[in-house]
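One is the number of the first residue; the rest follow in order along the sequence. None of these values were measured; they are calculated from a predicted model. Whatever order the structure lists them in is the order used to number ligands and atoms, beginning at 1.
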Amino acid sequence: MSQLILATRNKGKLKEIQALLSGLPYEIHSVLDYPNIPEVVEDGETLEVNALKKAREVFLASNIPTIADDSGLEVYSLNMMPGVISARYAGENVTYAENNQKLLKELENVPAKKRQARFRCVIALVTSTEEILFEGFCKGKIIEELRGSNGFGYDPLFIPDGFTATFAELSLEIKNIISHRALAMNQLKSYLSDLK
Ligand code: ITT
């Protein structure tokens with residue numbers, strides 16, 4: 001196995017994943033390099049189902065070992081919402097700003113100690129011989145106004161535990177040490193290196 005495809009069209013995720021996988025002895029492409037690969041409909045009820053679906057469909061279309069990431073923000077006082085619908089919390093085809101506004105509205109008047117949340121990431125690897133999932137969490141809290149311009153999605157509203165800055169104020173290097181995606185990806189990396 002010398003090539004890998006990343007089954008994501010999300011540029012924020014791609015940037016992080018490419019940095020996390022840099023240095024591995026694989027030629028890494030994304031679906032954005034393969035315009036003929038159809039977009040996958042994410043209609044599963046869990047991150048696991050959607051991650052596997054994305055990886056399977058892209059593997060079937062490309063015949064190249066595929067990695068997919070399905071991730072989301074889970075807010076404890078909102079019954080773990082937005083979770084699997086994080087990308088479309090405020091509706092179909094909305095912006096990150098609209099999702100963030102919706103989250104702030106849902107948490108209006110919710111006191112600081114009830115604003116705990118976690119990011120969760122499920123990574124699926126699909127090859128001709130296996131399907132395997134890896135999971136990572138990052139716990140923290142949702143603040144009351146947007147701060148910072150790095151990252152993507154809900155990053156300007158999320159302060160990871162042990163920090164005073166949001167993910168959007170932290171550098172990519174720091175986010176890529178502590179994030180849900182980094183923790184899931186580290187497991188994938190050690191799995192891949194055991195195969196060698
Ligand atoms: P692909 O399916 O093409 O990978 P997507 O954006 O649709 O892209 P998901 O279905 O996994 O991906 O949705 C993930 C959403 O969760 C994403 O759009 C963000 O709103 C949020 N999210 C996930 N990880 C995040 C992170 O590290 N920082 C901020 N928001 C994140």
Any carboxylate oxygen within less than 4.0 angstrom of a Lys/Arg side-chain nitrogen, looking at K175 and D155? yes
Are any side-chain N or O atoms of K141 and backbone N or O atoms of P160, one a donor and one an acceptor, separated by less than 3.5 Å? no
Pairwise ring-ring contact (aromatic ring centres under 6.0 Å, His included) hits with a residue in residues 63-94, at least two apart: none
Pocket residues of ligand 1, ordered first by chain and then by residue number (heavy-atom cut-off under 4.0 Å): T8, R9, N10, K13, E42, K54, D69, D70, S71, G72, S86, A87, Y96, F119, F152, G153, Y154, D155, K175, H180, R181
With a 6.0 Å cut-off on the ring centroids, do F119 and F137 count as close? no
Does CG in N93 sit with more than 12 non-hydrogen atoms of other residues, nucleotides or ligands closer than 6.0 Å? no
Look at the rings of H180 and F167 and say which category their plane angle falls in: under 30° parallel, 30 to 60° tilted, over 60° perpendicular. parallel
